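I have placed the structure first, in the form of structure tokens, so that the comments after it can refer back to it.
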Amino acid sequence: MSQQKVDQKKLDKKNRRSTLRKKKIEEVLSLALVSVIAIAIVAWVGYSIYSKVQTSAAENATYEYYDIDTAAIQDYLSTLN
């Protein structure tokens with residue numbers, strides 16, 4: 001082996017711990033970033049579906065109102081006193 005290769009191996013061995021730590025940090029950060037992006041996409045899709053369901057439900061809703069004549073009940077209650 002040439003002296004240059006020996007020196008390079010010694011340097012690599014000396015800095016192995018910090019190199020491994022940097023790689024682990026990069027892996028964790030990339031995993032965290034991918035997780036955040038995935039959660040954001042899922043939340044966005046879920047909110048979009050929810051809002052579309054709510055608007056379609058509001059458009060298709062029919063309301064029926066009934067008028068109630070309470071005069072007979074009021075007359076009956078007034079006779080009880």
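Small disclaimer: the values here were computed from a predicted structure and weren't measured.
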Nearest 0.5 Å, please: how far is [atom2] in [Y] from [atom1] in [X]?
X	Y	atom1	atom2	result
K10	K14	NZ	NZ	11.0 Å
L11	R16	CG	CZ	11.0 Å
L31	E26	CG	CD	13.5 Å

Report whether I68 and I73 are members of the same hydrophobic cluster (ILVMFWY, side-chain heavy atoms less than 4.5 Å apart, transitive linking). no
Kindly work out whether a path of hydrophobic side-chain contacts (I/L/V/M/F/W/Y, heavy atoms less than 4.5 Å apart) joins V36 to W44. no
Heavy-atom count check: over 12 atoms from other residues, nucleotides or ligands less than 6.0 Å from Q54 CD?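 Correct, the count exceeds 12.
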Flag for Y66-E64: side-chain donor and acceptor within less than 3.5 Å: yes
List in chain and number order the residues that pass side chain to side chain donor-acceptor pair (under 3.5 Å) with Q3, two or more places apart in sequence or in another chain; answer none if no residue qualifies.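 With neighbours one apart ignored, the set is D7.
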Who are the side chain to side chain donor-acceptor pair (under 3.5 Å) partners of D12, not counting sequence neighbours?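 Per chain and number, D12 pairs via side chain to side chain donor-acceptor pair (under 3.5 Å) with Q8.
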By side-chain contact (heavy atoms from CB on, under 4.5 Å) - contacts of T55 (at least two apart):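 Here no residue qualifies.
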